[in-house]
Amino acid sequence: MKKELPKKYNHLDIEKKWTSFWKENKVYDWDSTRPREETFVVDTPPPTVSGSLHVGHVFSYTHTDLIVRYQRMKGKNIFYPMGWDDNGLPTERRVQNYYRIRCDPKVPYKSDWEPEHDPKDKKEIEHVSRQNFIEACNKLTHKDEEVFKELWSQLALSVDWSLEYATIDKHSRKISQASFLDLVKKGHAFSTESPTMWDIDFQSAIAQAELEDKELDGAYHDIQFKVADSEKTFEISTTRPELLAACIAVVAHPDDERYQPLFGKEAITPIFNMKVPILPADHAEPDKGTGILMVCTFGDIMDVEWWKQSTLPIRQIIGRNGRLLPVTFGEAPFDSLDNEKANKAYKEIEGLYPKQARKKMPEVLGASLIGEIRPTRHPVKFFEKGDRPLEFIPTRQWFVRVMNHKERLIELGKQVTWHPEHMYSRFENWVNGLNQEWCYSRQRFFGVPFPVWYPVKDDGETDYENPIFAKEEDLPVDPLAEAPDSYDESQRDIPGGFTGDPDVMDTWSTSSMTPQIVSHWGINTERHKQLFPMDLRPQGHDIIRTWAFTTIVKSMHHEDSIPWHNICLSGWILDPDRKKMSKSKGNTVTPGHLLEEYSSDGVRYWSARARLGTDTAFDDQVFKVGRKLVTKLFNASRFVLQQFERLEVDPNSYLKNSASEEIDKSFLEELEKVVTFAGKSYENFDYAAALQQTEDLFWDFCDHYLELVKVRAYEDEESPERESALSTLAISLNVFLRLLAPVLPYVTEEVWSCSFGTENNSIHKNNWPTSEEFSNQSKPLEEGLFEVAKKMMSDIRGAKTSAQKSLKWPVEKLEVKASESFINKAKMVESDILRAANCSSSIEPTSLKNSEAIEIVVTLAKENS
RNA sequence: GGGCGCUUAGCUCAGUUGGUAGAGCAUUAGCCUUACAAGCUAAGGGUCAGUGGUUCGAGCCCACUAGCGCCCACCA
């Protein structure tokens with residue numbers, strides 16, 4: 001005999017019990033011996049380990065778990081790993097603040113150094129070696145990961161923890177570096193020195209995918225240029241006058257009649273007196289500003305593009321730290337007609353940041369500034385995590401080719417099924433808008449290094465043309481700590497020796513390989529084949545251009561394949577003001593107290609109500625509804641199981657029975673419909689629709705069906721009527737538990753273990769209900785009997801309520817005025833209705849011809865007998 | 001400037017292939033009823049953003065308009 005359910009449902013104790021049960025019994029483990037067709041593979045997003053998780057994480061990770069739990073109950077072998085994204089800038093930033101340290105590659109390594117965190121002590125910032133800094137990163141991320149893992153377990157994410165990885169661990173670094181070497185081998189990666197978008201605070205290159213526009217105040221400065229060997233002048237309207245010294249040309253649209261006579265001539269820049277060519281260029285728009293603009297090295301991406309197809313030299317005046325570089329006019333490429341004057345003017349702005357220099361420019365320009373400065377507001381490109389505008393600075397970087405692969409990327413994007421479908425257009429938009437190759441290198445410390453060294457020529461120059469790549473079997477390598485083959489560590493950074501590539505890879509270089517990291521691409525071919533392409537990539541829609549995009553780029557370059565068959569995009573959590581909840585906005589809610597107050601199942605319910613791609617407002621009310629459903633399910637289960645306990649019979653023995661009473665048959669028919677619908681919905685990743693239908697019928701079950709059959713189930717004598725009720729109760733509870741198991745894993749497991757489950761058999765494996773289970777049930781005489789009974793019950797209750805009587809108050813007379821069809825149906829379920837209504841006389845029908853109207857007249861007894 | 005989505009009850013949202021507008025919450029009134037007071041029952045509440053079209057019939061299909069949100073864009 002099973003153990004009885006406790007009187008009250010204490011979610012905290014029960015969650016703890018099942019969390020450890022699932023772990024001990026390896027309920028969620030992947031079986032590597034089962035074939036691909038029986039396996040469902042998830043490319044779990046590795047959460048960024050920087051501080052704490054908020055409800056937004058809980059929300060989207062639950063969505064994946066719902067889908068996974070459905071697939072597992074369908075009998076699928078589940079591959080559901082968890083990774084930690086602990087590589088990259090967010091971690092660096094957090095470590096810098098947490099331990100008050102900075103990485104300085106010039107500082108020597110200290111083996112006995114330990115990072116220390118003291119929230120009160122505002123000690124001076126300590127500069128540590130790269131190795132020490134990486135150790136500090138590892139220490140802090142491990143600490144955070146334990147906290148995350150705890151939360152995921154409590155939330156009942158059914159991941160296989162033996163598949164855990166971190167994007168900075170040895171295995172991930174190896175795969176990242178192998179990916180890079182493969183890209184190089186296939187000609188998809190290359191290094192070059194070229195103007196690159198540069199963040200002056202982080203002092204690193206950044207990629208197009210990391211750009212963000214910010215609206216900034218700016219101002220048009222109208223600057224007068226002279227035409228060489230002529231008295232003519234023209235004006236250029238610019239918001240970046242501080243780049244005047246970097247001007248290499250002025251351009252206007254080829255069709256612009258105002259400037260056509262000047263093409264081919266030279267202009268003379270004011271103040272610095274440099275001769276620059278006047279040329280036609282398609283990107284100049286006649287109706288913007290004065291229609292003629294200066295090309296500076298470099299003000300924006302168009303300057304870069306234009307410069308690339310020109311043969312003009314770069315006049316770089318902004319340095320890596322963002323300040324205006326020292327420049328000497330008179331030395332190429334800064335040729336001036338008046339070096340002395342130019343140098344003097346430049347001294348005024350040298351060493352300043354662009355913003356400061358801009359302020360100073362009116363003074364420097366003097367009479368060359370025409371009219372008033374006109375304020376404007378315009379979008380300026382920023383690194384998404386940066387505080388100051390980007391600059392274009394020529395540096396040596398590694399790039400991955402994407403520009404020549406747009407068509408193929410779009411084809412592959414179309415081969416993936418997007419949920420919801422319309423999110424695909426964001427991917428296509430992004431690919432079509434690509435205007436640069438993927439900048440792959442970063443000038444940072446905590447990341448995956450490039451497995452590359454360069455020879456140092458005898459004159460001390462680095463020979464970038466002949467890179468030395470690591471051997472695949474040696475990966476991962478750190479070129480700053482290890483010497484390449486055929487060299488010795490003593491030859492590092494000396495003429496005739498070698499130097500290590502100092503950069504690390506873009507964080508997406510690793511994240512884009514999550515499928516290959518977990519499939520052990522290149523290491524275990526069998527395993528890779530068994531898992532790739534994967535079934536599902538879940539992620540946020542804000543990182544389609546980064547994570548989804550780069551993952552597709554990699555699988556295209558490596559195997560000309562899609563990485564997964566489906567991609568599911570979760571929406572965002574909005575705060576009550578409808579703003580996206582995010583750490584940077586400081587409006588996050590942490591999930592700990594929610595889980596405690598509303599239970600994990602209650603919080604999961606809240607997540608499950610939101611369809612994919614739909615943003616959801618954070619709303620306490622929905623958590624309450626979730627908790628209420630959990631309590632209801634528990635209590636209804638207790639009631640149903642009590643019927644079997646009372647008779648000392650096993651509810652399992654009723655599951656194969658056929659119901660004989662019409663109301664029972666009708667309810668089972670409704671239940672079968674929901675089973676079919678829910679299965680279809682889950683197949684299409686629409687867990688929310690499945691939940692809604694299930695929940696609706698479950699409340700009908702509690703509010704109406706249970707009330708209708710209660711008395712019949714209570715009967716002391718065995719009878720076909722009682723057997724039919726008991727069978728329907730057993731079947732319904734059994735099916736409801738399984739339908740709700742993905743959303744409410746704890747309470748369903750608890751009830752299951754006390755009812756239908758056998759020893760160590762979790763509800764979460766191999767138990768999804770099917771319509772075949774209903775094949776031995778006979779159809780009710782009419783469809784919709786349950787609906788008719790509901791309508792009758794509702795009206796009877798209404799009559800009692802408006803008479804301010806209790807619901808068990810006896811009914812003397814029950815008249816039904818309705819169509820013949822309605823009356824017929826009511827008659828078919830009459831006995832249950834009369835019992836539930838506490839009515840001793842039979843229904844008095846009045847048949848209305850040609851009328852849809854239904855009137856139920858309830859005459860209550862005078863006395864409560 | 002290009003693209004996508006949303007607009008249904010006070011709030012949060014459903015609304016399957018077109019067929020009499022739904023749920024929960026909130027509000028109000030009532031009820032200790034042999035599972036449940038962390039409960040139960042019922043009531044009130046809507047020009048489905050607007051305009052036009054297709055149709056016997058439109059919340060749903062089509063066109064246009066407005067507001068909100070998001071994604072993208074070469075931003076002088």
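Treat the numbers as computed from the prediction; the structure is a model and nothing was measured. FYI, side chains are in, hydrogens and waters are out, and symmetry mates aren't considered; it's all heavy atoms of this structure. Chain A is the first sequence line, chain B the second, and so forth, proteins listed ahead of strands; every chain is numbered from 1.
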*Asks:* For A/Asp696, report the nucleic acid contact type (base, sugar-phosphate, nothing); a contact means any heavy atom under 4.0 Å.
*Replies:* nothing
*Asks:* Determine the Euclidean distance between corresponding C1' atoms of B/C25 and B/U16; express it in Å to zero decimal places.
*Replies:* 25 Å
*Asks:* Can you tell me how far P of B/G39 sits from NZ of A/Lys624, to the nearest Å?
*Replies:* 11 Å
*Asks:* What is the distance from CG of A/Leu629 to C1' of B/C36, rounded to the nearest Å?
*Replies:* 13 Å
*Asks:* Nearest whole Å is fine: how far is B/A23 C1' from A/Arg609 CZ?
*Replies:* 8 Å
*Asks:* Which part of the nucleic acid, if any, lies within contact of A/Asp303, taking any heavy atom under 4.0 Å across all strands shown: a base, the sugar-phosphate backbone alone, or nothing?
*Replies:* nothing
*Asks:* Are more than 12 heavy atoms from other residues, nucleotides or ligands located less than 6.0 Å from atom CD of A/Glu783?
*Replies:* no
*Asks:* Need one value for A/Glu285: base, sugar-phosphate or nothing, where a base atom within 4.0 Å counts as base even if backbone is also close, heavy atoms only.
*Replies:* base
*Asks:* A/Cys702 near the nucleic acid: base, sugar-phosphate alone, or nothing, with a heavy-atom cut-off under 4.0 Å?
*Replies:* base
*Asks:* Please confirm whether A/Phe618 and A/Phe623 have ring centers closer than 6.0 angstrom.
*Replies:* yes
*Asks:* Under 4.0 Å: is that the gap between some side-chain N or O of A/Asn435 and OP1 or OP2 of B/C74?
*Replies:* yes
*Asks:* In whole Å, measure the gap between the P atoms of B/C4 and B/U27 for me.
*Replies:* 42 Å
*Asks:* When the distance from CZ of A/Arg638 to P of B/C36 is rounded to whole Å, what number comes out?
*Replies:* 6 Å
*Asks:* Contact class for A/Glu707 (heavy atom, under 4.0 Å): base, sugar-phosphate, or nothing?
*Replies:* base
*Asks:* Tell me whether the OP1 or OP2 atom of B/A35 has a side-chain N or O from A/Lys710 closer than 4.0 Å.
*Replies:* yes
*Asks:* For the side chain of A/Trp430, counting heavy atoms from C-beta on, which of B/U41, B/C71, B/C72 is nearest?
*Replies:* B/C72
*Asks:* Heavy atoms only, 4.0 Å cut-off, all strands: where does A/Val625 land among base, sugar-phosphate and nothing?
*Replies:* sugar-phosphate
*Asks:* Reckon A/Lys808 touches a base, only the sugar-phosphate, or nothing at all at heavy-atom distances under 4.0 Å?
*Replies:* sugar-phosphate
*Asks:* Looking for any heavy atom pair under 4.0 Å, which part of the strands does A/Asp300 touch: base, sugar-phosphate only, or nothing?
*Replies:* nothing
*Asks:* Just call it for A/Phe677: base, sugar-phosphate, or nothing, with non-hydrogen atoms closer than 4.0 Å on any strand.
*Replies:* base
*Asks:* Could you tell me how far B/A9 sits from B/G3 if I compare only their P atoms? Round to whole Å.
*Replies:* 30 Å
*Asks:* How would you label the contact of A/Ser802 with the nucleic acid (heavy atoms, under 4.0 Å): base, sugar-phosphate, or nothing?
*Replies:* nothing
*Asks:* Compare side-chain N and O positions of A/Lys632 against OP1 and OP2 of B/C40 and report whether any pair is under 4.0 Å apart.
*Replies:* yes
*Asks:* In the structure shown, which nucleotide is the Watson-Crick or G-U wobble counterpart of B/A37, with both distances under 3.5 Å?
*Replies:* none
*Asks:* Using both distances under 3.5 Å as the test, list the Watson-Crick or G-U wobble partner of B/C13, or none.
*Replies:* B/G22
*Asks:* Short question: side chain of A/Asp601, backbone of A/Val747 - any donor-acceptor pair under 3.5 Å?
*Replies:* yes
*Asks:* Whole Å only: how far is the CG atom of A/Leu612 from the P atom of B/C4?
*Replies:* 21 Å
*Asks:* Under a 3.5 Å limit for both distances, which nucleotide forms a Watson-Crick or G-U wobble pair with B/G59, could you say?
*Replies:* none
*Asks:* Is the distance from OP1 or OP2 of B/A35 to the nearest side-chain N or O of A/Tyr714 less than 4.0 Å?
*Replies:* yes
*Asks:* Would you indicate which nucleotide in B/A73, B/C36, B/C71 comes nearest to any side-chain atom of A/Arg426?
*Replies:* B/C71
*Asks:* So if I take every side-chain heavy atom of A/Gln642 and compare against B/A35, B/C74, B/G3, which nucleotide ends up nearest?
*Replies:* B/A35
*Asks:* Looking only at the aromatic ring of each residue, does the gap between the centers of A/Phe59 and A/Trp606 stay below 6.0 angstrom?
*Replies:* yes
*Asks:* Of the nucleotides B/C36, B/A42, B/G24, which has the atom closest to the A/Lys628 side chain?
*Replies:* B/G24
*Asks:* Counting any heavy atom closer than 4.0 Å, what does A/Lys7 reach on the DNA or RNA strands: base, sugar-phosphate only, or nothing?
*Replies:* sugar-phosphate
*Asks:* Between A/Lys800 (side chain) and A/Trp809 (backbone), is there a donor-acceptor pair under 3.5 Å?
*Replies:* yes
*Asks:* When rounded to the nearest Å, what value does the distance between C1' atoms of B/G46 and B/G22 take?
*Replies:* 11 Å
*Asks:* Can you tell which of B/A35, B/C71, B/C25 lies closest to the side chain of A/Gln621?
*Replies:* B/C25
*Asks:* Given that A/Arg545 and A/Ala284 both sit by RNA chain B, which one's nearest nucleotide is further toward the 5' end?
*Replies:* A/Arg545
*Asks:* Which part of the nucleic acid, if any, lies within contact of A/Ser637, taking any heavy atom under 4.0 Å across all strands shown: a base, the sugar-phosphate backbone alone, or nothing?
*Replies:* nothing
*Asks:* Around A/Glu372, counting heavy atoms of other residues, nucleotides and ligands shown, do more than 12 lie under 6.0 Å from its CD?
*Replies:* no
*Asks:* In whole angstrom, what separates A/Trp699's CH2 from B/G22's C1'?
*Replies:* 17 Å
*Asks:* Look through every strand shown and name the nucleotide pairing with B/C68 as Watson-Crick or G-U wobble, where both distances are under 3.5 Å.
*Replies:* B/G5
*Asks:* Picking from B/C70, B/C74, B/A38, which would you name as closest to the side chain of A/His283?
*Replies:* B/C74
*Asks:* Can any side-chain N or O of A/Trp572 pair as donor or acceptor with the backbone N or O of A/Gly56 at less than 3.5 Å?
*Replies:* no
*Asks:* For the side chain of A/Gln804, starting at C-beta, report the closest nucleotide among B/U41, B/A38, B/A29.
*Replies:* B/A29
*Asks:* When you compare B/G18 with B/C48, how far apart are their C1' atoms, in angstrom units rounded to a whole number?
*Replies:* 15 Å
*Asks:* Measuring from the side chain of A/Asp213 (C-beta onward, heavy atoms only), which nucleotide among B/A73, B/A35, B/C4 has the closest atom?
*Replies:* B/A73
*Asks:* For the P atoms, the ones on B/A43 and on B/C36, what distance do you get once it is rounded to whole angstrom?
*Replies:* 25 Å
*Asks:* What distance, rounded to whole Å, do you find between the two P atoms, one in B/U33 and one in B/G15?
*Replies:* 40 Å
*Asks:* Quick one: does A/Leu244's side chain get under 4.5 Å of A/Pro270's, heavy atoms only?
*Replies:* yes
*Asks:* Categorize A/Leu807 for me: base, sugar-phosphate, or nothing, with a 4.0 angstrom heavy-atom threshold over every strand shown.
*Replies:* base
*Asks:* Applying the Watson-Crick and G-U wobble criteria at under 3.5 Å, what pairs with B/G44? Answer none if nothing qualifies.
*Replies:* none
*Asks:* Test the A/Lys628-A/Tyr605 pair against the cation-pi criterion, namely NZ or CZ under 6.0 angstrom from the six-membered ring centroid and within 45° of the ring axis.
*Replies:* no
*Asks:* Whole-Å distance between B/C74 P and A/Lys308 NZ?
*Replies:* 14 Å
*Asks:* Give me the distance, rounded to whole Å, that separates B/G59 from B/G53 when you measure between the P atoms they each carry.
*Replies:* 15 Å
*Asks:* Let me know the distance between CH2 of A/Trp418 and P of B/C4, rounded to the nearest Å.
*Replies:* 15 Å
*Asks:* As a test of reading the structure: which of B/C36, B/U33, B/A29 is closest to the side chain of A/Thr801, going by heavy atoms?
*Replies:* B/A29
*Asks:* Would you tell me whether A/Thr290 and A/Glu235 have side-chain atoms, one donor and one acceptor, within less than 3.5 Å of each other?
*Replies:* no
*Asks:* Between A/Leu434 and A/Gln693, which has a closest nucleotide on RNA chain B that is more 5'?
*Replies:* A/Gln693
